[in-house]
Every structure is written in C-alpha cells, then in structure tokens.
Amino acid sequence: MKATIWHNPKCGTSRKTLAILENLSGVEVEVIEYLKTPPSADKLAQLYRDAGISPAEGLRKRGTDAEERGLPDASDEAVLEAMAAEPILIERPLVETDKGVRLCRPQDKILEIL
C-alpha cells in the first residue's frame, strides 16, 4: 500500500501520524512537506472531497489570520485559493491512501484508511 502524507515536521500530530505510517510493514510512505511544496487548489479540492469534508473544515485557524480574513465563511474556491497561496492555512496532516483521505486530527484517524 502507498500512503502520501502532507506533513509539517514542526507539528506533533503530524509527526505522530508519520510515525504510525513508518512503523507499518508493507506501506510505502511518500512525505510531502506541504509548507515547502504546497498542493494546488485543485489537489486540495480533491483531497477534501475524498475525505468527505469541506475546504473550510480543512482550514487551519489556530496560529493563522484565517478568522480575521473571513475565510471560515468564504466560498470553497476562496478558501482553496488562499490555502494554495499560503499553505500555513492548511490543517495537517492530510493522508491519502488507495482507501481514501483523512485529516488525521487526532492521529488515530489514519487507521480508517489503512
């Protein structure tokens, strides 16, 4: 199985989720540090669609100016464009496998797609 994690190494939840993936046998892990290599708005739209959540639900509010900018109430397109332009606005970690996508907060949510 292949798993792709959009990872922030400074985030404890992201590190714990990556550790779960790395400790599983038979899982090929691709790590994308999304702050260095942000996903496009189209990729984010696909990830959130596959996770069954809205872009606003994938918006990181803590430690960002998302609330002040009105992003929690903005259109999906506006949220996705803001995230693609400023990846700090993406809540992490997102994990994609052939069984689906999850925003792994808490990290145990990853078990749903393994």
Side-chain angles (χ1 to χ4, degrees):
M1 169 184 285
K2 181 178 179 187
T4 302
I5 180 171
W6 281 267
H7 176 61
N8 180 345
K10 294 181 181 178
C11 171
T13 303
S14 195
R15 288 192 309 270
K16 289 174 189 173
T17 303
L18 179 57
I20 291 169
L21 287 170
E22 290 177 334
N23 287 319
L24 293 171
S25 62
V27 177
E28 175 190 334
V29 182
E30 178 184 7
V31 178
I32 300 173
E33 288 190 33
Y34 69 90
L35 292 175
K36 294 179 182 177
T37 309
S40 68
D42 287 342
K43 180 63 178 179
L44 284 167
Q46 174 256 304
L47 290 168
Y48 295 133
R49 185 174 50 253
D50 292 351
I53 64 174
S54 70
E57 290 173 290
L59 181 64
R60 182 163 180 80
K61 296 173 195 98
R62 195 175 77 181
T64 72
D65 64 351
E67 301 263 0
E68 293 82 3
R69 293 168 60 180
L71 289 172
D73 300 316
S75 69
D76 287 352
E77 294 76 21
V79 172
L80 292 167
E81 289 300 325
M83 289 174 164
E86 297 175 58
I88 194 68
L89 294 168
I90 301 169
E91 186 64 273
R92 74 266 179 164
L94 280 164
V95 178
E96 181 177 35
T97 71
D98 52 356
K99 293 185 179 181
V101 176
R102 290 294 179 275
L103 175 57
C104 295
R105 298 189 76 77
Q107 65 270 6
D108 293 344
K109 289 199 62 88
I110 193 160
L111 301 175
E112 298 174 6
I113 57 170
L114 293 176

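The first residue of the sequence shown is numbered 1, and numbering continues consecutively from there.
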So, for [X] and [Y], which heavy atoms are closest and what is the spacing to 0.1 Å?
X      : Y     : result
Ala41  : Ala84 : N-CB, 3.7 Å
Leu44  : Leu80 : CB-CD2, 3.6 Å
Ala3   : Leu21 : CB-CD2, 3.8 Å
Ile110 : Val95 : CD1-CG1, 3.8 Å
Ala66  : Pro72 : O-CD, 3.3 Å
Met83  : Leu89 : CE-O, 3.9 Å

Between atom [atom1] of [X] and atom [atom2] of [Y], what is the distance when rounded to the nearest 0.5 Å?
X     : Y     : atom1 : atom2 : value
Ile88 : Arg60 : CD1   : CZ    : 6.5 Å
Trp6  : Thr17 : CH2   : OG1   : 13.5 Å
Arg15 : Glu22 : CZ    : CD    : 12.5 Å
Ser14 : Arg92 : OG    : CZ    : 7.0 Å
Gln46 : Lys43 : CD    : NZ    : 4.0 Å
Asn8  : Ile90 : CG    : CD1   : 10.5 Å

Decide whether [X] and [Y] are clustered together by the hydrophobic rule: side chain heavy atoms of Ile, Leu, Val, Met, Phe, Trp, Tyr closer than 4.5 Å, transitively.
X     : Y      : value
Leu94 : Val31  : no
Ile32 : Val101 : yes
Val79 : Leu103 : yes

Do any N or O atoms from the side chain of [X] and from the backbone of [Y] form a donor-acceptor pair under 3.5 angstrom?
X     : Y      : answer
Thr37 : Tyr34  : no
Lys99 : Leu114 : yes
Glu57 : Ser54  : yes

Quiz item: Can you check whether Pro93 reaches Thr13 side chain to side chain, under 4.5 Å on heavy atoms?
Solution: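 Yes - at least one pair of side-chain heavy atoms lies under 4.5 Å apart.
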
Quiz item: Which pairs count as salt bridge (Lys or Arg N to Asp or Glu O under 4.0 Å) when at least one residue sits in residues 103-114, sequence neighbours excluded?
Solution: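 Passing the test, one end in residues 103-114: Glu91-Arg105, Arg102-Glu112, Lys109-Glu112.
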
